[in-house]
Amino acid sequence: MNNKVISAEEAVKQIKDGDTVMVGGFLAGGFPEELVRALVDTNPASNLTIISNDTGTPELSIYKLVKSGRVKRIFASYIGSNPETGRLLMTKEAEVQLFPQGTLAEKIRAGGAGLGGVLTPVGVGTIVEEGKKKIQIDGREYLLELPLKADVALIRAHKADEAGNLVINGSSRNFNLVMATAAEYVVAQTDEYVKTGEIDPNHVNVPGIFVDAIVKVGENA
């Protein structure tokens with residue numbers, strides 16, 4: 001079995017100019033701070049597309065990434081805690097697309113499942129429907145939301161084993177679960193690292209087949 005454990009700096013070397021990067025978490029909950037910090041500090045890749053539920057707060061590294069001018073496009077559902085993303089939305093210095101939170105999650109899930117898209121009534125009759133195809137089923141209108149995929153996903157787990165199986169607790173599962181399936185290269189930051197077999201299979205949230213690299217942080221890693 002190949003060793004999946006690498007440093008954060010090695011992990012983010014996979015990110016190249018023009019790549020699409022998914023970042024897990026909801027604000028600080030389940031957010032892979034060490035991975036994003038390594039991207040900001042050690043990898044100069046630019047023209048990036050960032051897919052994230054939000055773009056963090058000024059205390060998180062994703063704020064610094066957005067402020068660096070290296071992001072050309074952002075797909076998110078909430079940007080209220082990052083004034084820089086709000087500025088980019090208004091000035092159009094970067095393309096900022098906002099989606100209802102559930103819709104964003106479903107778009108990512110569709111990308112990971114190999115689906116052509118999902119139908120949702122959310123946003124019909126609002127600005128959310130602009131530029132999107134509408135389909136009527138049984139007299140009700142739905143928006144066709146296309147799938148989202150990425151070159152690299154940066155996610156966070158509470159525990160990982162040598163095979164890359166992940167345990168993600170509570171609300172930290174948020175976008176981390178679906179993003180693990182929707183990227184070509186998946187890096188998991190973990191607080192605890194154990195030998196294969198030490199995680200009860202019933203507790204695995206993300207099977208190791210989806211995980212390409214593990215970055216250990218914390219006292220138990």
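Position 1 is the first residue of the sequence, and the numbers go up from there.
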Heavy-atom closest pair (Ile62 atom, Asp54 atom, distance to 0.1 Å) is CD1-O, 4.0 Å
Can a side-chain donor-acceptor contact be found between Arg73 and Thr49 if the only test is distance below 3.5 angstrom?
yes
Quick one: pull up CD in Glu162 and NZ in Lys195 and give me the separation to the nearest 0.5 Å.
5.0 Å
For Asp200 and Asn202, which heavy atoms make the closest approach, and how far apart are they?
OD1-N, 2.8 Å
Taking atom types as modelled and ignoring hydrogens, do the side chains of Asn53 and Ser77 form a donor-acceptor contact shorter than 3.5 angstrom?
yes
Under 3.5 Å, which donor-acceptor pairs do the side chains of residues 103-118 form with other protein atoms, sequence neighbours left out?
{"unit_1": "Glu106", "atom_1": "OE1", "unit_2": "Arg109", "atom_2": "NE", "d": "3.2"}
{"unit_1": "Glu106", "atom_1": "OE1", "unit_2": "Arg109", "atom_2": "NH2", "d": "2.9"}
{"unit_1": "Glu106", "atom_1": "OE2", "unit_2": "Arg109", "atom_2": "NE", "d": "2.9"}
{"unit_1": "Lys107", "atom_1": "NZ", "unit_2": "Glu145", "atom_2": "OE1", "d": "3.2"}
{"unit_1": "Lys107", "atom_1": "NZ", "unit_2": "Leu146", "atom_2": "O", "d": "2.8"}

Determine, for Lys72 against Glu95, whether the closest basic-nitrogen to carboxylate-oxygen distance falls under 4.0 angstrom.
no
Is it true that, when you exclude Ile137 itself, more than 12 heavy atoms of the residues, nucleotides or ligands shown sit nearer than 6.0 Å to its CD1?
yes
With no hydrogens and no angle check, do the side chains of Thr85 and Thr55 hold a donor and an acceptor under 3.5 Å apart?
yes
Output side-chain donor-acceptor pairs under 3.5 Å for residues 149-156, partner residues at least two apart or in another chain, one line each.
{"unit_1": "Asp151", "atom_1": "OD2", "unit_2": "Thr20", "atom_2": "N", "d": "2.8"}
{"unit_1": "Arg156", "atom_1": "NH1", "unit_2": "Phe31", "atom_2": "O", "d": "3.2"}
{"unit_1": "Arg156", "atom_1": "NH2", "unit_2": "Asp191", "atom_2": "OD1", "d": "3.1"}

What's the shortest heavy-atom distance between Ile6 and Ala213, and which atoms?
CD1-CB, 3.6 Å
Correct closest heavy-atom pair for Leu143 and Val122 would be CD1-O, 3.5 Å
Indicate the ring-plane relationship of Phe26 and Tyr78, choosing parallel, tilted or perpendicular according to the 30° and 60° boundaries.
parallel
When clusters are formed by joining ILVMFWY residues with side-chain heavy atoms under 4.5 Å apart, either directly or through shared neighbours, do Ile74 and Val128 land in the same one?
no
Atom CD of residue position Glu93 - does it have more than 12 heavy atoms of other residues, nucleotides or ligands inside 6.0 Å?
yes
If you look at every heavy atom in Thr181 and Val178, which pair is closest and at what distance?
OG1-O, 2.8 Å
Salt bridge (charged side-chain N to carboxylate O under 4.0 Å, His left out) between Arg87 and Glu84, worked out
CA-CA 5 Å; Arg87 187 187 71 80; Glu84 181 64 15; 2.7 Å; yes
Nearest 0.5 Å, please: how far is CG in Leu166 from CD in Gln189?
11.5 Å
Which pair of heavy atoms, one from Val71 and one from Ala94, lies closest together, and at what distance?
O-CB, 3.6 Å
Considering only NZ, NE, NH1 and NH2 on the basic side and carboxylate oxygens on the acidic side, decide whether Lys159 and Glu198 come within less than 4.0 Å.
no
In one Ile/Leu/Val/Met/Phe/Trp/Tyr side-chain cluster, 4.5 Å: Leu89, Leu48
yes
About how many Å separate CD of Glu9 and CG of Leu35, when rounded to the nearest 0.5 Å?
9.5 Å
CG (Asn169) and CG (Asn205) are apart, to the nearest 0.5 Å, by 7.5 Å
Are Leu27 and Phe175 connected in the hydrophobic side-chain network, where two residues link if heavy atoms are under 4.5 Å apart?
no
Inspect the surroundings of NZ in Lys64 and state if more than 12 heavy atoms from other residues, nucleotides or ligands are less than 6.0 Å away.
no
Evaluate side chain to side chain contact (heavy atoms under 4.5 Å, CB included) for Val36 paired with Val23, printing each intermediate quantity in order.
CA-CA 8 Å; Val36 179; Val23 182; 3.9 Å; yes
Are Phe75 and Tyr63 linked, directly or through intermediate hydrophobic residues, by side-chain heavy-atom contacts shorter than 4.5 Å (ILVMFWY only)?
no
Starting from Val186, can I reach Ile209 by hopping between I/L/V/M/F/W/Y residues whose side chains sit under 4.5 Å apart?
yes
Using modelled atom types only, decide if a donor and an acceptor are shared between the side chain of Asp19 and the backbone of Val21 within a distance under 3.5 Å.
no
Between NZ on residue Lys67 and OG on residue Ser61, distance to nearest 0.5 Å:
14.5 Å
Return the NE2 to CZ distance between His158 and Arg173, rounded to the nearest 0.5 Å.
9.5 Å
